[in-house]
There are 2 protein chains.
Amino acid sequence: MERQRRIPEATVARLPVYLRTLLDVQADGVTTISSERLAELAGVNAAKVRKDLSYLGSFGTRGVGYDVDHLLVQMSRELGLTRDWPVAIVGVGNLGAALANYGGFGDRGFPVAALIDADPTKVGTIFGGHTIRHLDDLPALVDELGIAIGIIATPAVGAQEVADRLVAAGVKSILNFAPAVVTVPEQATLRKVDLALELQVLSFYGQRDSIGLALREELGVAAAAKNSGA
Amino acid sequence: MERQRRIPEATVARLPVYLRTLLDVQADGVTTISSERLAELAGVNAAKVRKDLSYLGSFGTRGVGYDVDHLLVQMSRELGLTRDWPVAIVGVGNLGAALANYGGFGDRGFPVAALIDADPTKVGTIFGGHTIRHLDDLPALVDELGIAIGIIATPAVGAQEVADRLVAAGVKSILNFAPAVVTVPEQATLRKVDLALELQVLSFYGQRDSIGLALREELGVAAAAKNSGA
DNA sequence: CCGACCTTGTTCTCTTGTTCACAAAGTGCC
DNA sequence: GGCACTTTGTGAACAAGAGAACAAGGTCGG
Ligand SMILES: NC(=O)c1ccc[n+]([C@@H]2O[C@H](COP(=O)([O-])OP(=O)(O)OC[C@H]3O[C@@H](n4cnc5c(N)ncnc54)[C@H](O)[C@@H]3O)[C@@H](O)[C@H]2O)c1
Ligand SMILES: NC(=O)c1ccc[n+]([C@@H]2O[C@H](COP(=O)([O-])OP(=O)(O)OC[C@H]3O[C@@H](n4cnc5c(N)ncnc54)[C@H](O)[C@@H]3O)[C@@H](O)[C@H]2O)c1
């Protein structure tokens, strides 16, 4: 009779999308929303929305839909957004600086609490209201500021070491922007954002479409014959 | 006897990781690599590597492994990396500027060919070697420069419109950084990078782990009581 | 030239995720 | 109060992906 609290990974990744959508409609004064409408706005299938929401043990009202406010509360609770998650950005270069300047994080419960670099000429300088600290100060910063999430914005070479240090300092959640394979022990969670990967995937599909077009033009009868075989 | 050229999405997303790994080992002078070793370096399962590579129709040599150079050629061809894919960055703000400054794109076949903004005070100014052009110039730029990929780095509000314009101008591949649901017609491909989503997913697992710890420590009856209270 | 050894390519099974379809449940009109 | 209508929640079918296991194929030492 165990609690069925196990939320599938795929669902977890969609909850933030629903959350944002709900905040949008809430701002427009909408108080109730159907799975159909939410699905449309979130760009997914309605059945998927209902199933996803059902994992929250969420109570929609049949014949009516879901109460937007209530859904937002449930969802925030489930995602752990009832508290702040102080973020440390490691590597204040091009990208790290842009992230540090970005206001969108603090707004949503992810305040940038520390900037960290290894370059002695950067350490000690002030950027975006924060004094840049040295990587060696990490454990102290985690203690002091309760850093919960580390963002790696260093070159690929340093990424694994930074991750190791973050984990050693007690940071269990890491977001990696460096184009490198980084591994963390099981008790930690690592997610990656890989620009080059995204572009290469786009080029794959871009290319395939071009080929597809050419094929579609030239193939004609042969194509049908070929496909029917399958 | 149909060509089994349909590569699964999940595989496509891993090919860039293999590619990068192979480039790394190639730089170290390695000429042959086993699926086992490649898997280790790429952080995946060896069987998965073999299956993925088999979609390339790739010829490994049993008893030996894969020829690194050959694999790189095949993989680049499959991913469409034998040509350049000129990129246009739309929205030269915080993030757009960082992306424009980043050297890592041009290196790998994705030269930044155009910077685009809608802000009249930015249009005409020079940034990182490019004159910032107006969104209205998009069709001309696509013709002139052969823009193949559009990167959306505008605020969320403008994202869908920018996407529509990109598609209308003939850009079939789009990478969206704005936290908004953007849809494109079927002939186009859109991928998104969603920072807030990544952080929220991290907070979900971060929270769950803390709870998990508490549960593991106290388990049994007490835990149930505690949860019911929350 | 042969046999021990290694590594691939692929088949099969299991798990995870998606979608459909429909009964159950509630609303609000009349 | 009853009935037609809406929308949820979920069971079941289907699709995609992961991983284990192993036969087939090839290498290389002797
Ligand atoms: N800039 C972009 O738009 C962009 C886009 C995609 C990916 N990336 C990736 O993000 C990462 C950062 O890119 P960038 O352009 O900001 O690079 P950058 O060279 O401008 O900045 C890197 C910063 O990290 C610091 N650093 C280096 N090693 C460190 C270490 N071990 N510990 C702490 N700090 C360290 C450096 O001092 C520097 O300040 C790179 O891996 C890059 O591939 C950047
Ligand atoms: N900066 C970051 O680190 C960061 C991180 C995550 C996500 N994002 C997202 O990336 C997007 C850009 O962020 P930013 O910090 O660079 O914002 P920004 O406000 O600094 O820059 C936005 C730029 O887009 C331009 N713009 C606005 N509407 C436009 C339109 N319709 N067409 C063309 N250009 C237009 C503006 O003139 C401005 O130059 C936002 O959606 C943000 O949420 C940014």
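Per chain, numbering begins at 1; letters A, B, ... match sequence-line order. In what follows, every heavy atom counts, from backbone to side chain, and hydrogens, waters and symmetry copies are set aside. Just so you know, these numbers come straight off a predicted model, no measurement behind them.
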Spacing of [X] atom [atom1] relative to [N] atom [atom2], expressed in whole Å:
X	N	atom1	atom2	answer
A/Asp67	D/dT8	CG	P	13 Å
A/Glu40	D/dT7	CD	P	13 Å
B/Leu38	C/dC6	CG	C1'	17 Å
A/Leu53	C/dT19	CG	C1'	16 Å
A/Phe59	D/dT10	CZ	C1'	15 Å
A/Ile33	D/dT6	CD1	C1'	16 Å
B/Leu71	C/dT8	CG	C1'	13 Å
A/Gln74	D/dG9	CD	P	12 Å

Inset, instruction - Evaluate whether atom CZ of A/Arg108 has more than 12 neighbouring non-hydrogen atoms of other residues, nucleotides or ligands under 6.0 angstrom away. - result: no
Within the distance-only criterion (no hydrogens, no angle test), does the side chain of [X] pair as donor or acceptor with the backbone N or O of [Y] below 3.5 angstrom?
X	Y	result
A/Gln160	A/Thr183	yes
B/Thr11	B/Asp52	no
B/Thr189	A/Leu202	no

Does a side-chain N or O from [X] land closer than 4.0 Å to OP1 or OP2 of [N], or not?
X	N	result
B/Ser35	C/dT8	yes
B/Ser34	C/dT7	no
A/Tyr66	D/dT6	no

Could you tell me if the side chain of [Y] sits less than 4.5 Å from the side chain of [X], heavy atoms only?
X	Y	value
A/Pro16	B/Phe204	no
A/Thr61	A/Asp67	no
A/Phe110	B/Gln200	yes
A/Leu19	A/Leu81	yes
B/Leu38	B/Leu53	yes
A/Val44	A/Val17	no
B/Tyr18	B/Leu71	no
A/Val167	A/Pro185	yes

Inset, instruction - Tell me which nucleotide among D/dG9, D/dA21, D/dT7 gets nearest to the side chain of B/Arg50. - result: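 Comparing D/dG9, D/dA21, D/dT7 against the side chain of B/Arg50, the answer is D/dA21.
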Between protein and nucleic acid, restricted to nucleotides 17-19 of chain D and to nitrogen or oxygen atoms under 3.5 Å apart, what atom pairs and distances do you find?
unit_1: D/dA18; atom_1: OP1; unit_2: B/Arg14; atom_2: NH1; d: 3.3
unit_1: D/dA18; atom_1: OP2; unit_2: B/Arg14; atom_2: NH1; d: 3.2
unit_1: D/dA18; atom_1: OP2; unit_2: B/Arg14; atom_2: NH2; d: 3.1
unit_1: D/dG19; atom_1: OP2; unit_2: B/Lys48; atom_2: NZ; d: 3.1
unit_1: D/dG19; atom_1: O6; unit_2: B/Lys51; atom_2: NZ; d: 2.3

Contacts under 3.5 Å, N or O only, protein and nucleotides 26-30 of chain D:
none

Inset, instruction - Rounded to 10°, tell me the angle between the two end axes of the helix from C/dC1-D/dG30 to C/dC30-D/dG1, each built from five pairs. - result: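 Axis angle across the helix from C/dC1-D/dG30 to C/dC30-D/dG1, nearest 10°: 10°.
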